[in-house]
Number of protein chains: 2
Amino acid sequence: MTATKVTLKDVAARAGVSYQTVSKVLNGEMQVAPETMERIQAAVQELGYRPNRIARNMRAGRSFMIGYSWTQTEPGQVNHILDQFLSSMVREASAVGYYVLPFPFHEGKAQVETYRDLIKSGNVDGFVLSSVNYHDPRIQFLLKQQFPFVAFGRSNPEWDFAWVDIDGAAGTRQAVEYLIGRGHRRIAILAWPEDSRVGNDRLQGYLDAMQAAQLATESSYILRGEGTFEVGRAMTLHLLDLPADRRPTAIMALNDTMAIGAMAAARERGLTIGTDLAIIGFDDAPMAQYLFPPLSSVRQPIAEAGRKCVELLVALVEGREPEQRHVLLQPSLIIRASS
Amino acid sequence: MTATKVTLKDVAARAGVSYQTVSKVLNGEMQVAPETMERIQAAVQELGYRPNRIARNMRAGRSFMIGYSWTQTEPGQVNHILDQFLSSMVREASAVGYYVLPFPFHEGKAQVETYRDLIKSGNVDGFVLSSVNYHDPRIQFLLKQQFPFVAFGRSNPEWDFAWVDIDGAAGTRQAVEYLIGRGHRRIAILAWPEDSRVGNDRLQGYLDAMQAAQLATESSYILRGEGTFEVGRAMTLHLLDLPADRRPTAIMALNDTMAIGAMAAARERGLTIGTDLAIIGFDDAPMAQYLFPPLSSVRQPIAEAGRKCVELLVALVEGREPEQRHVLLQPSLIIRASS
DNA sequence: TCTCTCTAGGCGAACGTTCGCCTTTATCAT
DNA sequence: ATGATAAAGGCGAACGTTCGCCTAGAGAGA
C-alpha cells in the first residue's frame, strides 16, 4: 500500500528477523519456525512486498529477457503473424519467469551490431530470430559467439542450431493434393525468388505432390517473383493468356497476397473463381475468409511456434538439453469457396 | 571479443586508472588528461566494453522500461495495428534510452494486479495503455497510485490524465462529408454499442456531418452492434430491405470488418458496390486496397500515435512537464472504388 | 556430564554501476 | 615565499538481492 519501494529490509524489520532470512524463506531455501513463517508472510502481505527484479537479476548475473526483433512490413502489407506470435511468446515466457524484449530492427551491418550490443550490455539471455533466410548473418554471429538463440525458420542445412519451423512443403503438398483430388491436372504455382528459403520449401511440396501423382511439372507453370499483389496478378494474367488447352485450371500461391492478386486477375478475365479457376493461398490471413469468394488457404500454427521457440530457448539458456533441437510443425489446409 | 563479461574494472585495469574514473569519463562527467582519455577509449574498444544495463538500472533505482500490453484478437480478427504501433514505440523508446516491455494481457481483476506487480517489482517506469474505454480500471488504479502512464485513447472526461488519441469523429465526419458531396442523402452508419467510447466518438462525426448538411439523422439509419463481419452483413441486409425510397445509398462503417460484411450483403442483393451503394470503412486495414472493389477507408496515423505515447510517457517519467498532455491526431480519408 | 547433531537464523560479501567527497599536484596572483 | 584555486583522479558507499558459511541454543545419546 505504501507508495515508496518496499524492500527485504522493510519486511525483515517488521517480522523481526534478518533480511537474508526473509529472502531464504520466500525462496523456500530454509526451514523456520511456523510462527516466524507467519510473521514474515504477514509482513509481506501488509507491506505488499514484491522482490525487486533488477536487483535479483543483478545478483543472478543475467536478465531473464529474451530478445526479439521483427522486420516491420511496408505500409500496405500485413503482419498478421506478429500478434499471435508475440502474444504466445510473451505468455509462455512469463509462465517460466522470463520477459520478451522487443528491440528495433536494423538493416545491414548495423543489425548484427545491435545483437552484439544487447549481449554485451547483458540486456538479454537469448534471442528468438524471425525472418530467417539462407546465410543469415545473425545466425553466423550467434553461433560464433556461442550465445543461446532459437530461429523461427530454417537456414543453411550445414549449420547446426536450434530451430522451430512450419513444414511449408507439407502445407503446399496438402493443398496441391487436394487440387489433384478435385480433378485438376494443370496446376500452376506462384512462387518466390530462389533465394527464399521459405519459398523453396513451400515450392518443394508442390513438386512432390505433382510427382507423386505422376503429373509433369512444366516450367511454364512455375512462376517466381516477389510475393505481392501486383506480382501475383501479373503472373496470373500471364497464365490465363496461355492457349486454352494449356491454361491452368488451378493456381497455388505461396502467400495470400499473391492469391488475392490472382483473384483480381481472374476477375479481370471474367472467370468465376472456384469454378473456372481454383485458387489456394498460404498463410490464412484473417481477411481470407471475408474475400469474395472466401479464399482457401494453408493455416500455420503460429501460436504454437511462438510457444515452442520460447520453450526451446529457455532450455538452452538454462543449460538444459532440450528434448528436441528442431521442431517442425504441421500447417493445415482450410478449404473455402475459392477452390 | 572476449566471451566473458567485460566490466568497468577490466577497462580500468587496462587503462591504468580507477574504475570509477572510467565510469565518469564515459559519462562525460569528468575532465581527464587527453592521454588518459585515449587510454580509456582504447581499452573500451579493445575489450568491447558495454555498460551493464542491469547494474546501471540498479544504481539508478529504475528500469528504463515501458510496460505495454494489448488484447489479443480472436482468431479470424486482425490486429494490423500492433505491428506499426509497437514498432514505432520500440524505435522511439530506444532513441531515448528506453525499452518496451510487453506483458501478458489478463482479463478481469487479474489485470490490475498485473499492473500492480510490475510496479512493485520495479519492472517498469511507466505504462502505455491500449484498448482504453470508459471507466477503465487500469486508469483508475494508476491515477490512485500516481504512477506514470499514457493512454492511447480517451476515457471518462472527468479524469485527468495524459492521452494520445486519434480524432475518430473527424475521420467519420470527413468520410460522410465526402459522401454528401457526392450527392448522397440517405447515408446509414454501422456503429458500435453505446458502451464503446471509440464508437461513440466516431459516430459523433457522422451526426455532425449530417447536421451540418441539414440532413435528418434518422434512427433507422443508425445501427449498433459488435464490429464483426457477420453483424455488418446482417445490418446491411436489413438496410437494403427497406422500401426503395428509404433505402440508403451510402453506408459508413466504423471499421473495415463491418464494411466488408456490408460489401458481402450488397453483393448478395446484386448491387454494384460504388455505383448502387457506396461503402466506406474505417481503419484502412492493409487488405482494404485489395478487396473487390477496393474499399475506401479512414486511415489512422498509428505510428505517429506510438511515437507520441512514448514521448509523452518519458517526459512524465522523468518529471519533465510535457508540452501537451493531450494529443489528438488527425486521420485521413482514403478514397477507393467502393465509394 | 560431555559431546554430537540438528534446528533456526544471523552475517558478510558480492553482482556492476554511479555518486559524492576527498587528495594530490601544478598553477597563479599577491 | 605563500596561500588560494583549479585540474586530474582516487576512494568508499550504496542500490536490493542471493549465496555460502557461521553460531547459539536445544535435545539426545553415551
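Throughout, protein chains are lettered first and strands after them, A, B, ... in sequence-line order, and every chain is numbered starting at 1. In this text the structure is predicted, and so the values were computed from the model without any measurement. Below, all heavy atoms of this structure are taken into account, side chains as well, without hydrogens, waters or symmetry copies.
Panel note: side chain A/R197, backbone A/N156; no donor-acceptor pair is recorded below 3.5 Å. A donor-acceptor distance shorter than 3.5 angstrom exists from the side chain of B/N57 to the backbone of B/S63, with no hydrogens or angles considered.
Of the residues listed (A/V164, A/D165, A/I166), the one engaging A/V327 in a side-chain contact (heavy atoms from CB on, under 4.5 Å) is A/V164, and it is the only one.
One interatomic measurement links the two molecules: CD of B/E38 to C1' of D/dA8, which rounds to 16 Å at whole-angstrom precision. One can place CD of B/E35 at 14 Å from C1' of D/dA7, the figure rounded to the nearest angstrom. Note: CG (B/L26) to P (D/dG9) measures 14 Å, nearest angstrom.
Ring pair B/F147/B/F127 is tilted by interplanar angle, where 30° to 60° counts as tilted. In this structure, A/W159 and A/H135 have perpendicular ring planes: the angle between them is above 60°, well past the 30° mark.
Not one side-chain nitrogen or oxygen of A/T36 sits closer than 4.0 Å to the OP1 or OP2 atom of C/dA8. At the phosphate of C/dG10, OP1 or OP2 sits under 4.0 Å from a side-chain N or O atom of A/T21.
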Are B/S121 and B/D117 close enough, and set up right, to give a side chain to side chain donor-acceptor pair (under 3.5 Å), and what steps lead you there? CA-CA 6 Å; B/S121 61; B/D117 277 0; over 6 Å; no

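Remark on the helix from C/dT1-D/dA30 to C/dT30-D/dA1: inter-end axis angle 60°, axes from five-pair C1' superpositions, rounded to 10°.
Enclosure of atom CD in B/E113 by more than 12 non-hydrogen atoms of other residues, nucleotides or ligands within 6.0 angstrom is indicated.
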Under 3.5 Å donor-acceptor pairs involving side-chain atoms of residues 93-101 of chain B, not counting sequence neighbours:
| residue | atom | partner | partner atom | Å |
| --- | --- | --- | --- | --- |
| B/Y98 | OH | B/R62 | NH1 | 3.3 |
| B/Y98 | OH | B/R62 | NH2 | 3.1 |
| B/Y98 | OH | B/E318 | OE2 | 2.8 |

I need a per-nucleotide contact map over nucleotides 15-21 of chain C, read 5' to 3'. Cutoff is protein heavy atoms under 4.0 Å; write B for the base, S for backbone only, - otherwise. BBBBBBB

